[in-house]
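In what follows, a single structure is set out as C-alpha cells and then discussed.
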Amino acid sequence: MSKEITSRATDYSQWYNDLVLKGGLADYSAVKGCMVIKPYGFALWENMRDNLDRMFKETGHVNAYFPLFIPKSFLSREAAHVEGFAKECAVITHYRLKNDPNGQGVIVDPEAKLEEELIVRPTSETIIWSTYKDWIQSYRDLPLLINQWANVVRWEMRTRLFLRTTEFLWQEGHTAHATAEEAVEETEKMLDVYATFSEEYMAVPVIKGVKTANERFAGAVDTYCIEALMQDGKALQAGTSHFLGQNFAKAFDVKFSNKQNQLEYVWATSWGVSTRLVGALVMAHSDDEGLILPPKIAPMQVVIVPIFKGDDQKAAIDAKVNTIIQELKAAGIRVKYDDNDNNRPGWKFAEYEMKGVPVRMAIGARDLEKNVVEVARRDTKEKMVISLDGVTQYIISLLGEIQQNMFNKAKAYRDEHITEANSWAEFEQLLDEKGGFISAHWDGTVETEIAIKEKTKATIRCIPLNNKKEAGTCILTGKPSEQRVLFARAY
RNA sequence: CGGGAAGUAGCGUAGGCCGGUAGCGCACCUGGUUUGGGACCAGGGGGUCGCAGGUUCGAAUCCUGUCUUCCCGACCA
C-alpha cells in the first residue's frame, strides 16, 4: 500500500518523515523550508497551545501581540543578539510590485525601496523592549508579564518538518522585573511550566538544566532549557527560558523609578516553545505502525468503528453508539464515530493506528447481543472485550492509564540512556554504540567544548539543575572538573 | 551553500541511453455485491511528463538555466 511506513531500523529520518506526512500532520509547501500544517497536525498543536496558554495565565501572564516586522536598526541595538541572528534574517527592502515593462508578470518596483529595511522577526525581544520603554516608568508598573503567540522566521540552511522550519509557530514570553532575583525566579518558574507540560501532557520526560556560555541564547545572561531524548538516542531541546539580565533594558533604555526614587534598569526574561514540540512528540513515542499520541492532547481520544452486515444491523449499532458517544462527550472525551461506508473495518483499524488515536472501539452485531464492545489501545496494541455497562468509566480510566504508560515507557528509555563516561575512549564508544545522554566531566572551557563537538558532533546539552558537585577530570583534557555535564548528539 | 539522488494523474512508479499517439498499481467517480485486520466485479474520469528557454519537421526523452524535495556535510537560542 502507498501508506506503508519506513521502519525506524531501516531509516530513522525517513520513518519520521513518513509519520508526519502519512499521519496527516503536515505537508511540504511550494515555499522552500516552509510546511503546511494540516488540520490533524494543527488540532494537535491547538491542544498543546491551549494547555500552555492556560498554564501561562494561571501563573499571572497575559497575551498581547507585537508586529511581524522589526526595523533593521532595532536588531543591532544589542550586540550579542544581532550577532546571533544576523545570518538567518529575512529582510524586507521594498513595498510594491509593478507590471514588468519587458514582458509578463510583475517585478519589484525599484522606486518603492524602503528608507529603512524591515526584518521579519526571528524573535521579538527588540520590538517588544522598544515598546516596554514607553510602558514602564515606576516600580509600580512591574512586573510586566506578557506572552505572545506568533509566527517567526529563521532562514536556516537545512530544514526538517516541525523540527526546524523556516517559518514556525511559537509563543514567546517577555517579562520585565524590578530585581534580578525576581527575574531569575520567573525564568525558573517558566522552565518548570514547560517541564510540567512536557511530562504531564506530552508524556515526554525532560531534563531541566542550564546551557553553557557557548550554547546560550544571543543576548541572554543565562539560558535554561528542557532537554528530551528521542528514540534514536539523539537529544532535542524542547524549550528554553532565558534570564536576560539588564541587556535589553540597557539597549532600549528602559528604566524605572524604585521606591527610593532612583532610576534603575529593568531586569528581563524571555521564554519560548514552538511547533518543534510536535516533532518531539512524534519521535518520542511513535512506532513502525504509525503515530502514538498521548490522550491528553490527541485530537481524537477515542474512535468508534461499526462492524455490520446490512442496514438493520447498522441502525441497531448506530442507536447504541449514539448513547455511548453522548456519555463519552459528557465526560469530556473527544470521540469520533467513523461509520463511513467507503472503507471496511480493517482499513480503518490501520488508518487510526497510523494516526495514533489512543483508543479504538469496534462494535458489531455480535457485541450488541452480548452487550460488549472490543476496546483496543494504541500504546500496547492490546485488545479487550468490555461490558457496555460502565464503558464510559472504563474508557476514562484507560485513557489515564495510557497517558501514564506512555510517560513511564519514555522515561524508562530515557533513564537507561543516561550513562556515565569516565574516559575519552568510553565517551566515544558510548556515543557511537549506545547514544543518549552521556554524563561526563568537562573542564569548563569553551575551547574544550568546541573540540569535543568537532571530534564527535556531541554537544553539551545542559548542566542539570541541582547537579551534584563531584571532583573529577575532564574526559578530553584531563584537567580538573567540579561536576559532570550532559553530552549528546542533538537535533 | 558544497557533495550525492530525485521530480511523469492525489500517492507510488514504467518509459529516457536509441526523439515519433504517455502506460501500470493504489486512490477517485457510477452501479452492484460486501464489511470482526488494509474487500471484490463491471464500467468510467483524470496528464500541457516540476517550471522556463533552446535544438529539431517533431521533445517526457537531447542541451542550458531555474525551482522544489530527500540523504550527507557546513549552519542552527
Side-chain angles (χ1 to χ4, degrees), chain A residues 1-6 11-14 16-18 21-22 27-35 80-81 83-89 103-105 122-125 152 154-161 163-166 168 170 172 210-220 222-226 236-244 270-274 276 289-290 305-311 313-314 317 338-354 360-368 372-374 376 381 383 385 453-454 457 459 461-462 490-491:
Chain A
M1 291 291 290
S2 65
K3 287 218 164 182
E4 267 176 26
I5 295 167
T6 307
D11 184 343
Y12 193 84
S13 293
Q14 193 56 51
Y16 173 78
N17 286 333
D18 284 353
L21 297 170
K22 293 173 181 173
D27 240 331
Y28 294 111
S29 75
V31 184
K32 182 182 179 121
C34 295
M35 64 176 176
H81 192 68
E83 168 87 20
F85 285 106
K87 284 178 286 183
E88 52 191 53
C89 285
Q104 309 150 333
T123 180
S124 301
E125 275 78 5
V152 289
R154 296 183 188 177
W155 216 268
E156 304 282 0
M157 289 183 174
R158 194 166 162 195
T159 57
R160 298 195 64 190
L161 295 166
L163 297 175
R164 181 175 290 111
T165 47
T166 300
F168 57 95
W170 76 344
E172 46 182 326
V210 183
K211 288 289 188 190
T212 61
N214 188 44
E215 298 272 333
R216 201 175 277 156
F217 174 72
D222 255 323
T223 288
Y224 293 65
C225 63
I226 51 172
L236 181 80
Q237 179 177 298
T240 48
S241 184
H242 314 292
F243 170 55
L244 301 174
S270 69
W271 27 274
V273 294
S274 72
R276 177 178 241 208
E289 274 72 54
V305 176
I307 298 162
F308 58 92
K309 295 182 170 72
D311 292 343
Q313 285 191 1
K314 174 69 165 48
I317 293 167
D338 186 355
D339 64 344
N340 187 329
D341 197 27
N342 291 346
N343 300 307
R344 301 171 79 214
W347 188 93
K348 292 175 186 174
F349 294 169
E351 179 69 10
Y352 291 109
E353 274 164 17
M354 174 139 60
R360 180 186 74 230
M361 296 167 73
I363 184 162
R366 235 157 60 191
D367 303 303
L368 283 187
V372 297
V373 61
E374 181 191 86
K381 303 181 98 181
K383 289 185 198 173
V385 175
K453 183 180 179 182
E454 282 175 359
K457 293 183 202 162
T459 49
R461 302 317 302 161
C462 69
Y491 280 96

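Within every chain, numbering begins at 1; the chains are lettered A, B, ... in the order of the sequence lines, protein sequences first and strands thereafter.
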Separation of the P atoms in B/G47 and B/U68, to the nearest angstrom: 26 Å
Flag side-chain contact, heavy atom, 4.5 Å: A/Asp338 against A/Tyr352: yes
Base-pair map of RNA chain B as dot-bracket, where | denotes pairing with a different strand and pairs are Watson-Crick or G-U under 3.5 Å: ((((((((.[[[[.)....(..]]]].((((((.....)))))).....[[[[[..)....]]]]])))))))....
Sugar-phosphate only, base, or nothing, as touched by A/Phe308 at under 4.0 Å among non-hydrogen atoms: base
Partner residues of A/Trp155 under the ring-ring contact (aromatic ring centres under 6.0 Å, His included) criterion, sequence neighbours left out: none
Sugar-phosphate, base or nothing in reach of A/Gln313, heavy atoms under 4.0 Å: nothing
Sugar-phosphate, base or nothing in reach of A/Lys383, heavy atoms under 4.0 Å: base
Whole-Å gap separating P (B/C67) and OH (A/Tyr28): 19 Å
Any side-chain heavy-atom pair of A/Val152 and A/Glu172 under 4.5 Å: yes
C1' spacing across the pair B/G4 / B/A77, given as an integer number of angstrom: 31 Å
Sugar-phosphate, base or nothing in reach of A/Ala365, heavy atoms under 4.0 Å: base
Closest-nucleotide ordering on RNA chain B, the 5'-leading residue of A/Gln14 and A/Val373: A/Val373
Partner set under salt bridge (Lys or Arg N to Asp or Glu O under 4.0 Å) for A/Asp11, not counting sequence neighbours: none
Side chain A/Arg276, main chain A/Leu163, donor-acceptor under 3.5 Å: yes
Between B/G23 and B/C57 - C1' atom distance, rounded Å: 26 Å
P spacing across the pair B/G3 / B/G65, given as an integer number of angstrom: 13 Å
Touch class at under 4.0 angstrom, heavy-atom based, for A/Asp11 against every strand present: nothing
Earlier contact from the 5' end, RNA chain B, for A/Arg366 and A/Lys457: A/Arg366
Contact under 4.0 Å: A/Arg344 side-chain N or O vs B/G38 OP1/OP2: no
Interatomic distance at C1', B/C49 relative to B/C24, whole Å: 15 Å
Gap separating the CE atom of A/Met157 from the CZ atom of A/Arg164, nearest 0.5 angstrom: 12.0 Å
Polar pair under 3.5 Å, donor/acceptor by atom type, side chain A/Glu353, base B/G37: yes
P spacing across the pair B/A9 / B/G36, given as an integer number of angstrom: 33 Å
All ring-ring contact (aromatic ring centres under 6.0 Å, His included) counterparts of A/Phe217, not counting sequence neighbours: A/His81, A/Phe85, A/His242
Whole angstrom value for the distance that separates C1' of B/U68 from CG of A/Asp27: 13 Å
Spacing between A/Trp347 atom CH2 and B/C40 atom P, to the nearest angstrom: 15 Å
Contact under 4.0 Å: A/Asn342 side-chain N or O vs B/A39 OP1/OP2: no
Whole-Å distance separating the CG atom of A/Leu21 from the C1' atom of B/G12: 14 Å
Any residue meeting side chain to side chain contact (heavy atoms under 4.5 Å, CB included) with A/Ala362, in chain and number order, not counting sequence neighbours: A/Ile307, A/Phe349, A/Glu374
side-chain hydrogen bond (donor to acceptor under 3.5 Å, both in side chains) against A/Tyr16, all qualifying residues, sequence neighbours excluded: none
Touch class at under 4.0 angstrom, heavy-atom based, for A/Gly239 against every strand present: nothing
Which residues share a salt bridge (Lys or Arg N to Asp or Glu O under 4.0 Å) with A/Lys381, sequence neighbours left out: A/Glu289
Short side-chain N/O contact from A/Lys309 to OP1 or OP2 of B/U33, under 4.0 Å: no
Whole angstrom value for the distance that separates P of B/G38 from CD1 of A/Ile5: 17 Å
Between B/G50 (P) and A/Lys32 (NZ): distance, integer Å: 19 Å
When you compare the protein's N or O atoms with those of nucleotides 75-77 of chain B, which come within less than 3.5 Å of each other, and at what distance?
from  : atom 1 : to       : atom 2 : distance (Å)
B/C76 : O2'    : A/Glu156 : OE2    : 3.2
B/C76 : O2     : A/Arg164 : NE     : 2.8
B/C76 : O2     : A/Arg164 : NH1    : 3.2
B/C76 : O2     : A/Arg164 : NH2    : 2.3
B/A77 : O3'    : A/Glu215 : O      : 2.6
B/A77 : O3'    : A/Arg216 : O      : 3.3
B/A77 : O3'    : A/Phe217 : N      : 3.1
B/A77 : O2'    : A/Gln237 : NE2    : 3.1
B/A77 : N7     : A/Arg154 : NH1    : 2.0
B/A77 : N7     : A/Arg154 : NH2    : 2.4
B/A77 : N6     : A/Arg154 : NH1    : 2.8
B/A77 : N6     : A/Arg154 : NH2    : 2.8
B/A77 : N3     : A/Gln237 : NE2    : 3.4

Inter-nucleotide P distance (B/A6, B/U61), Å rounded: 16 Å
Whole-Å distance separating the CZ atom of A/Phe349 from the C1' atom of B/U35: 10 Å
Sugar-phosphate, base or nothing in reach of A/Ser13, heavy atoms under 4.0 Å: sugar-phosphate
Polar side-chain atom of A/Lys211 near backbone of A/Cys225 as donor-acceptor pair, under 3.5 Å: no
Atom C1', compared across B/C72 and B/G53: separation rounded to whole Å: 32 Å
Residues forming a salt bridge (Lys or Arg N to Asp or Glu O under 4.0 Å) with A/Glu215, sequence neighbours excluded: none
Sugar-phosphate, base or nothing in reach of A/Asn343, heavy atoms under 4.0 Å: nothing
Value in whole Å for how far the C1' atom of B/C72 lies from OH of A/Tyr12: 19 Å
